[in-house]
Amino acid sequence: MISKVLFYKVTLGKLRWCILCLPLLFLFKLTNAQEKDTLNTTLLKVFQTVKSNSLYSKKVDWNKLEQSIFNKTDAPLGFSEFKNKVKLLFSSIGDRHASLSIKGQTIRGFELHQLRPSLLKELKTSPTSLRTQMIDSNYGYILIPGNSLKDDVKKLSQAIQDSLCKLINKPLNGLIIDLRAHEGGSILPPFTGLHQVIGNGNFGAFGSLDGKTKVTWKLKDGKLYLQQKFVGAVKSNCKCSKNLKVAILLSQLTASAGEQLAIALRGRPNTIFIGEKTYGLTTGNVAFSIDGHLLVLSASLSEDRTGKIYIGTFDPDIELIEGDNFKNLNQDAKVIEALKWFKAN
């Protein structure tokens, strides 16, 4: 069975976007023969779904790819062979964001990037949950983490909003938004939770590869819309000056929804991006439940408020690689750089 499992979906032309995908995963007890027959069927469904919905579909010779993936015989597939064929499918279409979650494993067409050992160590040994802090009395700091399908999106959205308001209700000379630990998830919590900083009005879009189809993101007083369709909201508890200086901190781990937030803030006045090139998963995704397994595909390109389209990484204005210190922000190289920028501008 193939079904879209979406928290929110917009259909425009042949594009479909997913903001948060809620898979219904089922566990089956099968014999070896039954399992192999199921894998053959699942592979066919995955192939057909990718062909119909991938962002890159029009660039692929599907007849040639079909011949490469499917056997001429009806021999049952083992799991190892199944994985290799799914990897070939994803790599052949060039989708770095695509994945299939099955039997406790996540299959991708591309190897995950190797992150700096020093960054991994810092993230592993430091607090990377939602938190705020005042620095030098006049500067606010908020760390926005990633989130998972298990998180209560509405609750997290309001928690981000409340945390932000604790800072901007005070006299601030600058605000630091830390996305270094944001490895993805739903984009609803940061978009709505930080709506005062992003600003009212259109702030970006999802578009097709050929540029002919586009849906825009819009905020209005804490309410988020995608192409005039209401998506979510928070209770607004504060106001933010359009002229507030904002520094966004990025790392190699900043990915997917973390990158989407960076894109949403690009083009905002008095805003600087400090750190490293991000992971490079800037496409908008769509998700499907196939035989109880979660298939995720790139379905759109991301565009900021200036009209710039992002393919691959999001690059900082000031590149700064090492020096992360989440435990002591006064000794964190990126935070120190942000404070220098605030004071010089």
Side-chain angles (χ1 to χ4, degrees), residues 1-25 39 41-62 64-66 68-70 82-103 105-112 148-149 183-188 205-215 226 255-260 263 279-303 309-312:
M1 180 182 69
I2 303 175
S3 64
K4 293 190 191 68
V5 190
L6 306 178
F7 176 80
Y8 175 73
K9 178 185 70 179
V10 170
T11 302
L12 185 61
K14 293 184 178 180
L15 292 180
R16 298 173 179 87
W17 288 269
C18 170
I19 297 171
L20 176 62
C21 308
L22 302 176
L24 301 176
L25 302 181
L39 290 175
T41 303
T42 300
L43 179 63
L44 178 60
K45 292 178 181 178
V46 169
F47 182 88
Q48 292 171 337
T49 305
V50 173
K51 181 179 178 180
S52 299
N53 296 276
S54 171
L55 170 66
Y56 310 103
S57 186
K58 293 182 179 179
K59 299 178 65 177
V60 178
D61 184 337
W62 289 101
K64 183 178 179 180
L65 185 54
E66 184 175 2
S68 300
I69 290 177
F70 293 99
F82 172 84
K83 287 198 299 182
N84 289 335
K85 289 180 180 293
V86 173
K87 287 180 181 179
L88 176 61
L89 174 59
F90 292 158
S91 62
S92 295
I93 66 174
D95 193 343
R96 303 189 65 86
H97 217 159
S99 66
L100 177 68
S101 298
I102 180 171
K103 297 182 67 173
Q105 298 186 37
T106 299
I107 305 171
R108 303 178 186 276
F110 296 86
E111 294 295 326
L112 296 177
S148 72
L149 296 170
E183 55 188 317
S186 169
I187 57 179
L188 291 180
F206 280 153
S208 59
L209 198 62
D210 59 13
K212 295 181 179 179
T213 310
K214 182 188 300 186
V215 293
L226 184 58
S256 194
E259 292 170 304
Q260 293 291 342
I263 291 170
Y279 196 87
L281 301 178
T282 53
T283 53
N285 287 349
V286 61
F288 301 86
S289 177
I290 297 181
D291 295 336
H293 312 299
L294 181 65
L295 171 67
V296 177
L297 302 173
S298 294
S300 61
L301 297 178
S302 300
E303 182 178 309
I309 295 173
Y310 293 80
I311 301 175

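None of these values were measured; they are calculated from a predicted model.
Residue S300 comes nearest to F206 through the heavy atom pair OG-CG, 3.4 Å, listed as atom of the first residue, atom of the second, then distance. Taking every heavy atom of both residues into account, G207 and L55 meet most closely at O-CD1, 4.5 Å. Here the closest heavy-atom approach between residue G284 and residue S302 is recorded as N-OG, 4.1 Å. Here the closest heavy-atom approach between residue L100 and residue F90 is recorded as N-CE1, 3.8 Å. Closest approach of D95 and S298 over heavy atoms only: OD1-OG, 2.6 Å. The two atoms that bring D210 and S208 nearest to each other are OD1-OG, 2.6 Å, heavy atoms only.
Looking at heavy atoms from C-beta onward, K58 lies out of side-chain contact with L209 at the 4.5 angstrom threshold.
For the side-chain contact (heavy atoms from CB on, under 4.5 Å) with V46, the qualifying choice from I290, I69, L297, I102 is I290, the only one to do so.
Neither side chain, T282 nor Q260, offers a donor N or O lying under 3.5 Å from an acceptor on the other. In this model, a donor atom of one side chain and an acceptor atom of the other lie less than 3.5 Å apart for S256 and H97.
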- Task: Apply side chain to side chain contact (heavy atoms under 4.5 Å, CB included) to F47 and T49, showing your working.
- Result: CA-CA 6 Å; F47 182 88; T49 305; over 6 Å; no
- Test log, rule side chain to side chain contact (heavy atoms under 4.5 Å, CB included), inputs T42 and F82: CA-CA 9 Å; T42 300; F82 172 84; 4.0 Å; yes
- Task: Report the C-alpha separation of L65 and K51 in whole Å, then their side-chain angles, then the decisive distance to 0.1 Å, and conclude whether the side chain to side chain contact (heavy atoms under 4.5 Å, CB included) test is met.
- Result: CA-CA 10 Å; L65 185 54; K51 181 179 178 180; over 6 Å; no
- Working for side chain to side chain contact (heavy atoms under 4.5 Å, CB included), residues R96 and R108: CA-CA 8 Å; R96 303 189 65 86; R108 303 178 186 276; over 6 Å; no
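Remark: the backbone N or O of L301 is not paired with any side-chain donor or acceptor of T283 at under 3.5 angstrom. Checking side-chain atoms of E303 against main-chain N and O of A205 turns up no donor-acceptor pair under 3.5 Å. Of the possible polar contacts, one joining the W62 side chain to the S57 backbone as a donor-acceptor pair under 3.5 Å is found. With hydrogens and angles disregarded, a donor-acceptor distance shorter than 3.5 Å links the side chain of S91 to the backbone of L88.
Going from atom CG of D291 over to atom CG of L39 covers 9.5 Å, rounded to the nearest 0.5 Å. A distance of 9.5 Å separates CD1 of I187 from CG of N285, quoted to the nearest 0.5 Å. Rounding to the nearest 0.5 angstrom, the gap separating the CD atom in E183 from the OH atom in Y279 is 10.0 Å. How far CZ of F110 is from NZ of K87: 12.5 Å, rounded to the nearest 0.5 Å. To the nearest 0.5 Å, atom OG of residue S101 and atom CG of residue L295 are 9.0 Å apart. Taking NZ from K59 and OG from S92, the interatomic distance works out to 13.5 Å, rounded to the nearest 0.5 Å.
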